[in-house]
Amino acid sequence: MTVRIGVIGVGGMGACHARYVADLAGADLRWVADPDEANGAALAAELGCTWIAEGMDRIGSTVAEAADCDAVVIACPDHLHHRYVMAALERGLPVLAEKPLTVELQDARQIVETEVAHGRRLVQLGFMRVYDERHEQVADALSRIGRPRHIRAVHRNTNDGSRTVPQMLVESVIHDIHTVRWLSGQEIVSVATSVVPGGAGTRLVLVTCRLADGAVAVLEFDDIATGYEVSVEVTAEHGNVVAAEPLRAAVRTDGMVMGSIGDDWFTPFLDTYRTEMRDFVASVEDGVPRGPSAWDGYAAQAVVEAAAASVDADGMPTLVELPATPALYGIDREARRRS
Ligand code: ISE
């Protein structure tokens, strides 16, 4: 079967997804949707598909003709995710949606409820670190060394500190929240957040999380680092595991050993995004949903809200409000095998 795909939003991330779809045996990139005609039409011409300004014209339930695709990738601005994911769900179309699932928590809940009513998973969420080889190795190690007791997730970005704390939480730290839930298989039940000023506003956001089984995770996010880096370290019942450093050439000069770090969040994970897309297409093909779910997106969003509330409460621990996990979902702990 060839999986026909439409991509909504082809800025940096969406263009990357579209290129991977176009490249993939078994997938057919039908259209890209973006209001920016110059960019969208140029990409469509490059990849041999159709450009449309508005994705809803192809997936909106009011459109009489068939959707013209078997699945959609949603990579438009965050505040529009909810609209397109809901439209795809109403059409019964599988979706690979970029994180965050939504900006508003109640919108994420609506997506979960709609999917549950539909009776089967259609949404795969772009928490792509589960497809990253270094993270997979950590997940694999945990099957030998037991349950995590402490997780330390470090995430460094190269901005100027002008983002608000809620932005840093929902755009960046949300990845680390998913890493903790995925590696531990536990929900985060409370959080305490500290912020450190710097640059144009806030430099560091530190979130201490209490997990349902009593373990602790500390998320350390630096928005004004000298390079982009992501790492995770887990102390488990029978040992400890640290994600290996990404491979970089070691340059010896002037009596020092140096390696370049790189300053963008995209390049280190290029292969990871490709693997994620391959898994999504395979899941549409065989009808077996996998990867991070809408529930993962909703639960992570609930942690983001609690972390922001903790800032407002001067760093006091704040409970994460989460209903019971619907039977459709469980925290997916499988390390994604690269095919
Ligand atoms: C992006 O999704 C990432 O993967 C980065 O780690 C994060 O820092 C950035 O803000 C996100 O948009």
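Numbering of residues begins at 1 and proceeds along the displayed sequence. Ligands are counted one by one from 1 in listed order, and the atoms in each one are counted from 1 as well.
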Task: Salt-bridge contact Arg203-Glu220 (side-chain N to carboxylate O under 4.0 Å) - done: no
Open item on the list: Working note: Asp28 + Thr2, criterion side chain to side chain donor-acceptor pair (under 3.5 Å); need CA distance, chi angles, decisive distance, verdict.
Closed with: CA-CA 6 Å; Asp28 177 13; Thr2 299; over 6 Å; no
- [ ] Fit a plane to each ring of Phe269 and Tyr273, take the angle between them on a 0 to 90° scale, and name the class: parallel (under 30°), tilted (30 to 60°) or perpendicular (over 60°).
- [x] perpendicular
Answer with side chain, backbone, both or neither: which part of [X] has a heavy atom less than 4.0 angstrom from an atom of ligand 1?
X      : value
Tyr228 : side chain
His155 : side chain
Arg163 : side chain

- [ ] Heavy-atom contacts with Asn157 under 4.0 Å: which atoms of ligand 1 show up? List them by number with element.
- [x] 7 (C), 8 (O), 9 (C), 10 (O)
Open item on the list: Need the ligand 1 atom indices (1-based, order shown) with element for anything under 4.0 Å from a heavy-atom of Lys99.
Closed with: 1 (C), 2 (O), 11 (C), 12 (O)
Task: Nearest-contact summary for atom 4 (O) of ligand 1 - protein heavy atom, Å - done: His175 NE2, 3.0 Å
Open item on the list: Suppose we measure from atom 9 (C) of ligand 1 to each protein heavy atom; which comes out shortest, and what is that distance?
Closed with: Ser172 OG, 3.6 Å
Open item on the list: Looking at Tyr228, is its backbone amide N or carbonyl O close enough to the side chain of Asp263 to form a donor-acceptor pair, meaning the two atoms are under 3.5 Å apart?
Closed with: no
Open item on the list: Could you go through His155 and Glu229, starting from their C-alpha distance and side-chain angles, then the distance that decides it, and tell me whether this counts as side chain to side chain donor-acceptor pair (under 3.5 Å)?
Closed with: CA-CA 6 Å; His155 186 166; Glu229 286 182 293; over 6 Å; no
Open item on the list: Counting neighbours of CG on Leu270 that are heavy atoms of other residues, nucleotides or ligands and sit closer than 6.0 Å, is the number greater than 12?
Closed with: yes
Open item on the list: What I want to know is whether Trp265 and ligand 1 share at least one N or O pair that is separated by under 3.5 angstrom.
Closed with: no
